[in-house]
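A short write-up of the structure that comes next.
These numbers come from a predicted model, not from an experiment. Both backbone and side-chain heavy atoms feed into the values below; hydrogens, waters and symmetry mates do not.
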Amino acid sequence: MKKNDAALIAVLILFSLVPIFFAGGDKNFAVVKISGKVFRKIDLNENKIFTLETDAGKNIIEVKDKKIAVISADCPDKICVKAGAIKNVGEIIACVPHEILIEIGD
């Protein structure tokens, strides 16, 4: 192995580690979609309660302790409420009757 090869490998390793140091803030948000379209990006660092109203009904959403949950819904089965709070990338809450999807970003 030549001296330049070792330097190139070291640089490539350093560049591969950059996302680890700068990706922390990107996972602290949730994306809310209504009827498949992005409605809002929610910062999970800010505790708040808000209401989503569609033609099909109403959901009350709570952001608390870097988690998001549907705490009330007027849909018949309330699966979205029973899902509880989510916080990890890829987790979702769906309210099918109201066509609402909440997903933790990555």
Side-chain angles (χ1 to χ4, degrees):
M1 182 183 300
K2 296 180 181 178
K3 184 178 180 181
N4 289 339
D5 292 341
L8 179 62
I9 290 170
V11 169
L12 291 174
I13 290 172
L14 285 174
F15 278 122
S16 70
L17 296 175
V18 168
I20 293 171
F21 297 109
F22 295 104
D26 293 340
K27 294 175 178 44
N28 291 327
F29 70 90
V31 177
V32 177
K33 294 180 182 179
I34 299 176
S35 300
K37 296 179 182 168
V38 174
F39 172 73
R40 187 185 297 178
K41 187 176 175 180
I42 306 295
D43 184 354
L44 298 178
N45 293 311
E46 299 175 14
N47 293 341
K48 60 184 155 192
I49 295 176
F50 61 95
T51 302
L52 292 178
E53 291 191 54
T54 68
D55 293 336
K58 180 169 73 169
N59 295 60
I60 299 175
I61 314 297
E62 180 179 41
V63 178
K64 184 177 176 183
D65 301 326
K66 297 186 180 184
K67 299 176 190 174
I68 189 166
V70 178
I71 59 172
S72 178
D74 60 6
C75 55
D77 55 13
K78 301 195 185 341
I79 291 174
C80 53
V81 177
K82 294 173 188 172
I86 59 173
K87 66 177 182 175
N88 297 313
V89 173
E91 290 182 318
I92 62 168
I93 298 172
C95 183
V96 176
H98 298 168
E99 297 183 25
I100 295 172
L101 182 73
I102 302 170
E103 182 175 11
I104 303 298
D106 62 330

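Hydrophobic cluster membership of I60, counting Ile, Leu, Val, Met, Phe, Trp and Tyr whose side-chain heavy atoms lie under 4.5 Å apart directly or via other members: I49, I71.
Within the structure, every pair that satisfies the side-chain hydrogen bond (donor to acceptor under 3.5 Å, both in side chains) test and touches residues 48-67, not counting sequence neighbours, is listed here: N59-H98.
No continuous path of hydrophobic side-chain contacts links I68 to L101 [ILVMFWY only; heavy atoms under 4.5 Å]. A continuous path of ILVMFWY side-chain contacts below 4.5 Å connects F39 to F50, so both sit in one hydrophobic cluster. By the rule that hydrophobic residues join a cluster once side-chain heavy atoms approach within less than 4.5 Å of another member, V81 and I34 end up as members of one cluster.
Contact detail for R40 and I42: the closest heavy-atom pair is CD-CD1, 2.9 Å. Residues G57 and D74 share a closest heavy-atom pair of CA-OD1, 3.4 Å. Taking all atoms of both residues into account, the shortest heavy-atom contact from D77 to P97 is OD1-CG, 4.4 Å. Counting all heavy atoms, side chain and backbone alike, A69 lies closest to A85 at CB-CA, 3.7 Å. Closest non-hydrogen pair, I102 versus A30, comes out as CG2-CB, 4.2 Å.
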| task | For I104 and L44, run side chain to side chain contact (heavy atoms under 4.5 Å, CB included): C-alpha distance rounded to whole Å, both residues' side-chain angles, the deciding distance at 0.1 Å, then the answer. | result | CA-CA 9 Å; I104 303 298; L44 298 178; 3.7 Å; yes
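Every side chain to side chain contact (heavy atoms under 4.5 Å, CB included) that V31 has, sequence neighbours left out, goes to F29, K33, V38.
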